[in-house]
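Just below is one structure, and these are the notes that go with it.
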There are 2 protein chains.
Amino acid sequence: MARNGSPPDQVAAVRDQLRARGLRWTPQRRTVLEVLAETQGHVTGAELIERCRARDPATIPSTVYRTLDVLEEIGLLRHGHGPDGREEFHVGPEPEHGHLHCAGCGASWELGSDEAAALMTAFEDSHGFAVDLSHLTVVGRCRDCRTANAP
Amino acid sequence: MARNGSPPDQVAAVRDQLRARGLRWTPQRRTVLEVLAETQGHVTGAELIERCRARDPATIPSTVYRTLDVLEEIGLLRHGHGPDGREEFHVGPEPEHGHLHCAGCGASWELGSDEAAALMTAFEDSHGFAVDLSHLTVVGRCRDCRTANAP
DNA sequence: GCTCCTATTGCAAGAGGTTGCAATAGCAAC
DNA sequence: GTTGCTATTGCAACCTCTTGCAATAGGAGC
């Protein structure tokens, strides 16, 4: 389960980052951090709250969302919006990446870093626009759904 | 205000499309249609409801959303999700298009059709994936915000 | 004009998320 | 160990959107 170093280490590191910014270390934040430490990839806000409640039934949603805001500010995670507009959090050291979502079968893939780079370069050149990949979800229909639908 | 033909014409055309599908023409749908007829570009669900209420204070949100679903089904409009995940409707005969949204200043632009085409072709080639442009919002930072922030 | 079938409405409840505010509790300094 | 400042919390209310269900009302057929 642990990736590199024990989970307590990661949590302690975040605690220090918070303190260094004059922010505070509270039991509620510890709970959120612990949940995140054993989470990889994408989670929705609702899932996160549910898992926090499993650890501490007294968890309040607004506290979780506010903690997530703080963690995003210090760069520990990023949020985006899934195909249905619901909030989705991307945890951990994985590089930011976009998503491809099929409206037909509901499957989703991560965008390869080469494609992502091409996309970013394109917008950079044409608009001077810096794309935030973690916020990018491309919705459409995958090959399978297209062939199934229009032979 | 009127685009081509008088607004009543557009509304009547929709009425006939609905009837042709065995669907019904109701005062509530007429209200929504009238509001849409004088709307161009992007609207959020909430805005639409507000405008419907201006015409008919008895308007109920669920009715509006359900009407919008129906209208989307017959191809009269498309919905997507704005940068904050809120629903956004794109009205009228304009071709589908993606959006660029600056997280810094909140501005947003439409994607040029050439860029959009390039993007679609790219995903088509690499994944056989058909992008739904109307659902595409690219979030990032525009040239101005970038230069303002990192000189 | 009247009937009947059923699409649609209105309502109420619920899910996911946000916000304002008074009370609480970190933690730094003494 | 106390004190005091203020970041956080918990709560309650609110917003946007969805869903289930009984009651209503289009409109096709007679």
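What you see below is based on every heavy atom in this structure, not just the backbone, and it leaves out hydrogens, waters and symmetry mates. Chain letters run A, B, ... following the sequence lines, proteins first, then strands; residues in each count from 1.
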Kindly write out the residues that satisfy salt bridge (charged side-chain N to carboxylate O under 4.0 Å, His left out) with [X], not counting sequence neighbours, or none if the list is empty.
X: A/E38; value: A/R55
X: B/E73; value: none
X: B/E124; value: A/R146

(request) Answer yes or no: does a side-chain N or O of B/T63 lie under 4.0 Å from OP1 or OP2 of C/dT9? (result) no

(request) Tell me whether the OP1 or OP2 atom of D/dA25 has a side-chain N or O from B/Q28 closer than 4.0 Å. (result)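 No, outside the criterion.
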
(message) Restricting to side-chain contact (heavy atoms from CB on, under 4.5 Å), what partner residues turn up for B/E87, sequence neighbours left out?
(response) B/Y65, B/H79, B/H81, B/F89

(request) Go through B/R24 and B/R19 one step at a time and tell me if the side chain to side chain contact (heavy atoms under 4.5 Å, CB included) criterion holds. (result) CA-CA 6 Å; B/R24 287 171 190 172; B/R19 291 228 178 106; over 6 Å; no

Rounded distance (Å) that lies between atom [atom2] of [N] and atom [atom1] of [X]:
X: B/R21; N: D/dA28; atom1: CZ; atom2: P; value: 16 Å
X: B/I60; N: D/dC17; atom1: CD1; atom2: P; value: 16 Å
X: B/L18; N: C/dA7; atom1: CG; atom2: P; value: 14 Å
X: B/I74; N: C/dT8; atom1: CD1; atom2: P; value: 11 Å
X: A/E73; N: D/dT8; atom1: CD; atom2: P; value: 10 Å
X: B/H79; N: D/dT16; atom1: NE2; atom2: P; value: 17 Å
X: A/L68; N: D/dT8; atom1: CG; atom2: C1'; value: 15 Å

Who pairs with [X] by side chain to side chain donor-acceptor pair (under 3.5 Å), at least two apart in sequence or on another chain?
X: B/S62; value: B/R66
X: B/Q17; value: none
X: B/R30; value: B/E34
X: B/R51; value: B/T39

Between the protein and nucleotides 18-23 of chain C, are there any N/O to N/O pairs under 3.5 Å, and if so, what are the atom names and distances?
from: C/dG20; atom 1: O6; to: A/R66; atom 2: NH1; distance (Å): 3.2

(message) Filter on ring-ring contact (aromatic ring centres under 6.0 Å, His included), then keep only pairs touching residues 100-134 of chain B, sequence neighbours left out; what's left?
(response)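 ring-ring contact (aromatic ring centres under 6.0 Å, His included) check on residues 100-134 of chain B returns no pairs.
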
(request) May I ask you to list the residues of residues 45-56 of chain B, by number, that have any heavy atom positioned under 4.0 Å from an atom of DNA chain C? (result)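 Here the set is empty: none.
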
(request) Spell out protein contact along nucleotides 25-30 of chain C as letters: B when the base is contacted, S when just the sugar-phosphate is, - when no protein heavy atom is under 4.0 Å; keep the 5' to 3' order. (result) BBS---

(message) Do A/T59 and A/D56 have side chains that approach each other closer than 4.5 Å (heavy atoms only, starting at C-beta)?
(response) yes

